[in-house]
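First up is the structure itself, then whatever we jot down about it.
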Number of protein chains: 2
Amino acid sequence: MTKKKLGTWRIDRQLVEQISRHAAFGRRRKFKKNAMLYEQGEVSTRFYFVLKGLVQISIFRADGSEVVLELMGPETVCGEGSAFDGLPRFSSAAAIEDTEAIEFDTSKMTEIFRAHPEFATSLLRVTSLKQRVVAIRLKHLASREPQDRIMELLTRLEEMFAIDHPKGRLLVTHVTHEQIATMTGTSRVTVTRTLQRLREQNRIDIVDGHILLKRRPCAG
Amino acid sequence: MTKKKLGTWRIDRQLVEQISRHAAFGRRRKFKKNAMLYEQGEVSTRFYFVLKGLVQISIFRADGSEVVLELMGPETVCGEGSAFDGLPRFSSAAAIEDTEAIEFDTSKMTEIFRAHPEFATSLLRVTSLKQRVVAIRLKHLASREPQDRIMELLTRLEEMFAIDHPKGRLLVTHVTHEQIATMTGTSRVTVTRTLQRLREQNRIDIVDGHILLKRRPCAG
DNA sequence: GCCATCTCGTATAGGGCGATACAGCCCGGA
DNA sequence: TCCGGGCTGTATCGCCCTATACGAGATGGC
């Protein structure tokens, strides 16, 4: 089975089209694998609409440890936060595959909004969706229980990249326990143990090395 | 010393003025103490600019437990997330004091943006600032250590509501250990112990019942 | 002044997580 | 075919957090 790398994000088709329609206000750029789109700490008015590739958004802590916030795939927007509020970037964005994106600049945005107010509405929808996803993550990360944190990640991955399966939904992404650990702030051993426990609770299963989220009893 | 209740949020003066200038596009509303501005799950296109009072934003988990996201005081915006993306509210907002706010409706917003594109830019700045604050909270909540979680909250409160003091910065807000516990996802006992430990580490002090964040050695 | 309530400090017991270590497994390369 | 590296499953141990309980001090209403 393929081990395709996928993002942790997606926005709906209609919104993608609305943004694509205004692509002329930005310029197309290419980033080689491992190149940085932007780095934590710098001040910039630029943001990106990813067309192709994969971008890892992470925050580095004072002690050097890295928290991976998201993996942004095609048809997602990143960097708009610091581009609009004018403060230093709070996260870094690295292309972990060869990537193409449209680069927008907020400095002339107000004038563009005058002629294209629907573009402003679209961007507000994007930032609002991000707010929602992050808030929901907060809800789960507020719990110290590894099980909550891990299930949150799995559910998020399911919404993005799962296919139907007779017993539930199968994650087509391949994630190692190590990766789950760094994304949930727990240890690798705990991830292994927790997945084991979830299997005993009949909430997940492992099929062909991939995680299967079983249909919950309440949902049928 | 007064035990004034204050929010966990503030936006800069310039941005406040820009939003106030467009107050005519909304309508003034009053909420009694304990009234709800909006409730988790409902679909609505309304959002609020708080003028007076205090609003508690929280998410309720499936098991009924509550995660307090923020306390929004005067001159803050809330509810714009779900108002713009059109999906059900992911959080509830309750007035915990008698509150006055301007209620905006996003349904006619695009037309307003055409004549007032700077209003769109202002709103984008607000949502961007929120994204920043939440992302930074995520960075700390990703850690399971209570000390990280609690220091994050204190630092956030400091930025918002601290005054200078010969030994560092004094929080004028009064927060109980219980409140810190629910906002950081730990237990009340752990908060007490952790604050004790921070005092031993000479990072904080208690002055007159208020928390004093000591100047870090690296900063002078 | 008196009592109810809230908050803070502290103690105990129990459990689960982190660190560490090691064995089995799969897979790719020589 | 053999070897090496990455991933997963376990085991042990120590530590710290949670739940629970109780007392002291502050606060506020009557």
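Here is how names work: the chains are called A, B, and so on, in the same order as the sequence lines, proteins then strands, and each is numbered from 1.
Checked against dC17(D), dA21(D), dC8(C), the side chain of His177(B) finds its nearest nucleotide in dC8(C). Checking dT8(D), dC17(C), dT10(C) against every side-chain atom of Thr176(A), the shortest atom distance belongs to dT8(D). Taking only side-chain atoms of Pro146(A), from C-beta outward, the nucleotide of dA21(D), dC17(C), dC17(D) with the closest atom is dC17(C).
Judged by distance alone with a 3.5 Å cut-off, a donor-acceptor contact links the side chain of Arg188(A) to the base of dG9(D).
Looking at Arg149(A) and Glu145(A), no side-chain N of the basic residue comes within less than 4.0 Å of a carboxylate O on the acidic one, giving no salt bridge.
A sub-4.0 Å separation between OP1 or OP2 of dG16(C) and a side-chain N or O of Gln147(A) is absent. Close to dT18(D), at under 4.0 Å from its OP1 or OP2, lies a side-chain N or O of Arg144(A). Applying the 4.0 Å criterion to OP1 and OP2 of dC17(C), one finds that Thr190(A) has every side-chain N and O outside that range.
Remark: P of dT5(C) and CD of Glu178(B) are 17 Å apart, rounded to the nearest angstrom.
With rounding to the nearest 0.5 angstrom, the NE2 atom of His140(B) is 10.0 Å from the CZ atom of Arg156(B).
With a 6.0 Å cutoff to the six-membered ring centre and a 45° limit on the axis angle, Arg89(A) counts as a cation-pi contact of Tyr38(A).
Using modelled atom types, no side-chain atom of Asp208(A) and backbone atom of His210(A) make a donor-acceptor pair closer than 3.5 Å.
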